[in-house]
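Letters go in sequence order (proteins before strands), and every chain restarts at 1. The analysis underlying the following values was restricted to heavy atoms, covering all of them including side chains, and did not include hydrogens, waters or symmetry mates.
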Amino acid sequence: MTQNYAPEEFLINALAAELDSVDHVAVGALSPVPGSAALLAQALSDGEQEAGQEARTGAALSGPGQGHKMRVSIIHGDANNPFTDGGRELFDCAGQGRIGAFFLGGAQIDGEANINLLGVGPYPNLDKRFNGSFGSAYVYFVIPKIILFAPDHSRRVLVDKVDFISAPGTSAPDVHRPGGPKVLMTGKCVMDFDADRKRFTLKSVHPGVTVEEVLDNTGFDFDVPEDVPETPAPDAERLQLIRTTVGPEIAKTYPGFAQQVLGFQGG
Amino acid sequence: MTQNYAPEEFLINALAAELDSVDHVAVGALSPVPGSAALLAQALSDGEQEAGQEARTGAALSGPGQGHKMRVSIIHGDANNPFTDGGRELFDCAGQGRIGAFFLGGAQIDGEANINLLGVGPYPNLDKRFNGSFGSAYVYFVIPKIILFAPDHSRRVLVDKVDFISAPGTSAPDVHRPGGPKVLMTGKCVMDFDADRKRFTLKSVHPGVTVEEVLDNTGFDFDVPEDVPETPAPDAERLQLIRTTVGPEIAKTYPGFAQQVLGFQGG
Amino acid sequence: MTVFEDLDTLAGHVADGALVALAPEYSWVPMALVRALIRHKVRDLHLLCVPIGGLAADMMIGAGVVGTLEAAAVSLGEAGPAPRFIAAVEGRTMTMRDTTCPAIHTALQASEKGVPFMPLSGLIGSDITSHRDDWKVVDDPLGAGGGPIVLLPAIKPDVTLFHSPRADRDGNVWIGRRRELATMAHASATTLVTVETIEDRDFLADETMAAGTLPSLYVTAIAEVEGGARPLGLTDCYERDMDHIRAYGKAAKTEAGFQAYLDEHVLK
Amino acid sequence: MTVFEDLDTLAGHVADGALVALAPEYSWVPMALVRALIRHKVRDLHLLCVPIGGLAADMMIGAGVVGTLEAAAVSLGEAGPAPRFIAAVEGRTMTMRDTTCPAIHTALQASEKGVPFMPLSGLIGSDITSHRDDWKVVDDPLGAGGGPIVLLPAIKPDVTLFHSPRADRDGNVWIGRRRELATMAHASATTLVTVETIEDRDFLADETMAAGTLPSLYVTAIAEVEGGARPLGLTDCYERDMDHIRAYGKAAKTEAGFQAYLDEHVLK
């Protein structure tokens, strides 16, 4: 199948769809694709807003936050970084319930949505060490919509049981937990997570991917509904938005990515 | 007895003597006399430093903090206010052990050094309400040298038992308490406080005041040693320092006080 | 998203019975907004002074706006005691929750961090503590032999109110070194700000300005009100009017004198 | 009182075995000071990354400076994994205390406030928590039915290290919106700062500058070191040198390559 978009552009579009109706999306370090997805969702939300509202008056000062309907905060970003209270502010802000969605990765993710960012092997005697757990052990609890992002869909990443729980997918009922995993986006499919059942359900497969291929490459059990639709690919208008609106904005934080993947030059 | 100084100047001098060898003195709101005392102690400490050290080289950048040996922080002051972390910083700074001395007043002070800044009568049904306890319930515990300052030496202020304990003079041994009251300065005398014995001892009486007068005007029991010296009055050199060095500095925060009491004009 | 409104619309966000946190007394107090709340006849507020009340608190108490007051102290500063506060406490016409400065800062920090409580040193043996049934003295819960310590439950204001010299076009507000204003806004559900002026620039694009800026993320609505802190002062903008405050302190010693002040300076 | 020193004297304040807090990796990292510590052969540090380590931590680990590392993660960012860190953990040549970003911020805030612990949400059920015997999961000690919560003991660093664009003649240091640097300094016994330049002015006399200033009260000593964060970046001063960092990441994959890097860039 011939595509007129890069795999990253497909994922940016698919991730953005999961951010519909979120007020405030925060994006962590080293996350060009999630960051672009958030900026795309913002641009789409602005478009809806403009279509649905009266002509604005007193433009420049009519509404702060640049009039964006959705707020996007890119941590440590050279743009779209609203934080002025030091490294703790992202976490405090999340604890206050002011962040609606956030992305987490996982070197390992298991069927109960436990994530491992730390290493492989019997802790502390690891066979393979990764970077570490970052803030996952906290944000996974307090941000309502955590989107797990694992572009490498393989049995190496999607395992039956993680070797180390950086952050658990679910908690006992008496644990204060307003947040948690809702969606898993991989390079092959989208899955929804149900915390009560501690189980993923296949939501859609990406163009050219079969359910069998997903099953073959996933190390944990999950539910497969009768009909599995295809994850929508970005249309021409959407690609235009990614390249002309998102590109220049994400270039302020990830110039290399913007140039190599989205074809954005200069800035 | 004819004096060539104001009563406030006497107290500024006497309070400054109690600040000898303190690294960092903080002064709260509405405290022109303690503030002036702290600035005098700083000036005296600078004088000793200069007398005792080699000629300085590379003056401007040889030592930050203006080369003052003693640091004086005047809370909310328009000068000598080093705080940049909001209202909590004074208290955090004290909790870190970075403040050596602080002044507290008391509408009532009793013989166990309990202080009452809140009101007279059976709480909460007070007969007479005062401003409130401010930060006393905390700073009294964490700042090593609290100097109680009660210019009105009377049985109305120095009572047998306070009606309300804004902050207790002593604590049980298991309570974390690196700080507490060390000295009581009144308009008539100086007393030392011994936390182990929960008791004040008369240290000196101000010029023209007798021990009997102190006993008559104090509502609590205290120890009186065989010999009670006179509290030193400021000599000409010290008065000069108060009026020419302290005056302009305290005028930045208390212009009316500097003008009316210390005779400092302008600035 | 922050919105720009006029003063009366801004005041309309404060509902009867709300827990309202007010900027510290020595500066940045939104006096024009306080006067608007009095005109709007807002009632039964739980007013939290951070941590000390002054002219604003005294006026709101006198005008019957405050049902419960939580403060470490209330005073007019060099202008003496706060007369309506003292009358309300001595006359038992208002519920008084006595506290101490760092306890207010700490309880707001607990909400800022989204935790149910925070520990604070000191306080043990104070009658403040023995009368606060929401505070709890526990043995060191770490079990490390640290002795007893006080746990303060989080205070989560419904509304924070303050005045600032300036906001930018995006609703970011300059707070300078008054960082308690950030803690208050972080801890609160709603933050209402009056400013001297709204500038057509982006404070966050300038690292020097950004350091003293409360991001619009925490700002619900802003009204441009020149002189909005008068007769109190505002850093680098204007000094407080001590004559006015002293005259208030004198007038407000009686109910009639206070009403006359209200009629002349607030209601007309 | 803060003193002004040269870089080597500054490095001399860091004793073997000290608990050292290091500025966050994305900027303001005192690389020249880190290189000086390596040259001074400081040993057995307990290095606390606030909260993430990078080039500085990796170099210190590789050079044998670090006995214990406490960090939420270590990485060279876009230049990939931190090779000496990974070799030390996998080779068990260093004690690793795994943690999570907000736990480090919170434990420093506990020291800032002078309390023995602070609570933090989340963490329960993470293997980080189950392996930290200094963290304690307790039932809501308020007894308000809040459920279990984790208490983190205060972390009190012996020394905090960072680099800044500027200090003033009084030893006040510009930190801008990098406010974790204030928390670190507040929490630490000693704070050592390198700066691009010492300016002959008083930051605290200017309310705009004051908002982003760490007062000299918390600053032990300062050394003027131009380019002191290179090859990392410094806000509004210079960008990080990605080619250099990538070359380091490649060289440090082997012990020999790392030694060659040290010989060329640190020891010579």
Side-chain angles (χ1 to χ4, degrees), chain A residues 28-30 32 75-78 81 83-92 94-95 114-119 121 123-143 162-179 254 256-257, chain D residues 24-27 49-53 71-78 81-82 85-90 92 95-96 98-106 108-109 120-131 139-140 145-149 175-184 212 242:
Chain A
L30 289 181
I75 315 312
H76 311 165
D78 290 330
N81 173 0
F83 295 120
T84 61
D85 202 26
R88 68 170 177 256
E89 187 175 5
L90 165 69
F91 305 104
D92 288 355
N114 299 307
I115 63 175
N116 175 11
L117 293 153
L118 191 126
Y123 187 87
N125 300 316
L126 301 169
D127 301 318
K128 174 77 193 126
R129 170 77 199 202
F130 308 133
N131 294 343
S133 302
F134 293 90
S136 62
Y138 175 81
V139 296
Y140 215 30
F141 284 76
V142 298
I143 296 181
V162 295
D163 287 3
F164 182 91
I165 300 175
S166 288
T170 60
S171 297
D174 62 341
V175 172
H176 173 69
R177 184 160 193 174
Y254 299 105
F257 173 82
Chain D
E25 179 59 19
Y26 40 93
S27 191
C49 299
V50 184
I52 292 168
V74 183
S75 129
L76 299 182
E78 293 176 53
F85 158 72
I86 287 172
V89 174
E90 292 179 357
R92 331 234 193 289
T95 303
M96 182 65 206
D98 282 294
T99 180
T100 183
C101 307
I104 293 177
H105 294 303
T106 299
L108 290 171
Q109 284 185 281
L120 185 63
S121 297
L123 314 188
I124 295 171
S126 165
D127 281 337
I128 299 169
T129 307
S130 56
H131 285 91
D139 272 330
D140 174 15
I149 192 160
I175 57 169
R177 49 168 142 172
R178 288 290 151 74
R179 295 203 67 83
E180 59 271 45
L181 300 174
T183 307
M184 290 160 67
M242 278 311 298

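Proximity to chain A is limited to the side chain of D:Ile52, based on heavy atoms less than 4.5 angstrom apart. Heavy-atom distances place the side chain of A:Leu118, and not its backbone, under 4.5 Å from chain D. In this structure, chain A has a heavy atom under 4.5 Å from the side chain of D:Leu120, while its backbone stays farther away.
The most heavy-atom pairs under 4.5 Å with chain A, out of D:Ala87, D:Gly212, D:Ser121, D:Ser27, come from D:Ser121. Ranking D:Met242, D:Gln109, D:Arg177 against chain A, the residue ahead of the rest is D:Arg177, based on heavy-atom pairs under 4.5 Å. Of the residues considered (D:Gly77, D:Gly176, D:Pro81, D:Ser130), D:Gly77 shows the highest number of contacts with chain A, using heavy-atom pairs under 4.5 Å. Most heavy-atom pairs under 4.5 Å with chain D, from the set A:Leu126, A:Asp85, A:Asn125: that is A:Asn125. In terms of non-hydrogen atom pairs under 4.5 Å with chain D, the most contact-rich of A:Asn114, A:Asn81, A:Ile115 is A:Asn81. Contact count against chain A (heavy-atom pairs under 4.5 Å) is highest for D:Val74 among D:Val74, D:Thr106, D:Asp140, D:Ile104. With respect to chain D, the highest number of heavy-atom pairs below 4.5 Å among A:Gly179, A:Gly87, A:Ala172, A:Gly256 belongs to A:Gly87. Counting heavy-atom pairs under 4.5 Å between each of D:Ala103, D:Pro148, D:Ala82 and chain A puts D:Pro148 at the top. Note: D:Asp98 leads D:Ile86, D:Val89, D:Asp98, D:Ile124 in heavy-atom pairs under 4.5 Å with chain A.
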Do A:Arg88 and D:Thr183 pass the side-chain contact (heavy atoms from CB on, under 4.5 Å) test, and can you show the C-alpha distance, the side-chain angles, and the key distance before you say yes or no? CA-CA 10 Å; A:Arg88 68 170 177 256; D:Thr183 307; 3.1 Å; yes

Please evaluate residues A:Phe164 and D:Ile128 with respect to the criterion side-chain contact (heavy atoms from CB on, under 4.5 Å), reporting the C-alpha separation (whole Å), side-chain torsions for both, the decisive distance (0.1 Å), and the verdict. CA-CA 9 Å; A:Phe164 182 91; D:Ile128 299 169; 3.9 Å; yes

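Closest of all the heavy-atom pairs between D:Gly122 and A:Phe141 is CA-CG, 3.4 Å.
Taking the ring pair (Phe, Tyr, Trp, His ring centres under 6.0 Å) definition, one finds that A:Phe257 meets it with nothing, sequence neighbours left out.
Side-chain N or O atoms of A:Arg129 include none that pairs as donor or acceptor with a backbone N or O of A:Asp127 at under 3.5 Å. The backbone N or O of A:Ser166 sits less than 3.5 Å from a side-chain atom of D:Ser126, completing a donor-acceptor pair. A:Asn116 contributes a side-chain N or O that, together with a main-chain N or O of A:Gly119, makes up a donor-acceptor pair within less than 3.5 Å. A:Asp163 places a side-chain N or O within donor-acceptor distance of the main-chain N or O of A:Gly121, the cut-off being under 3.5 Å.
The aromatic rings of A:Tyr123 and D:His131 lie perpendicular to each other, with more than 60° between the two planes, well past the 30° mark.
Contact residues of residues 130-140 of chain A toward chain D are A:Phe130, A:Asn131, A:Gly132, A:Ser133, A:Phe134, A:Gly135, A:Ser136, A:Ala137, A:Tyr138 (heavy-atom distance under 4.5 Å).
Using a 4.5 Å cut-off on side-chain heavy atoms (C-beta onward), D:Pro24 and D:Leu181 make contact.
Between the CZ atom of D:Arg178 and the CZ atom of A:Phe83 there is a distance of 13.0 Å, given to the nearest 0.5 Å. One finds the CD atom of A:Glu89 at 11.0 Å from the NE2 atom of D:His105 (value rounded to the nearest 0.5 Å).
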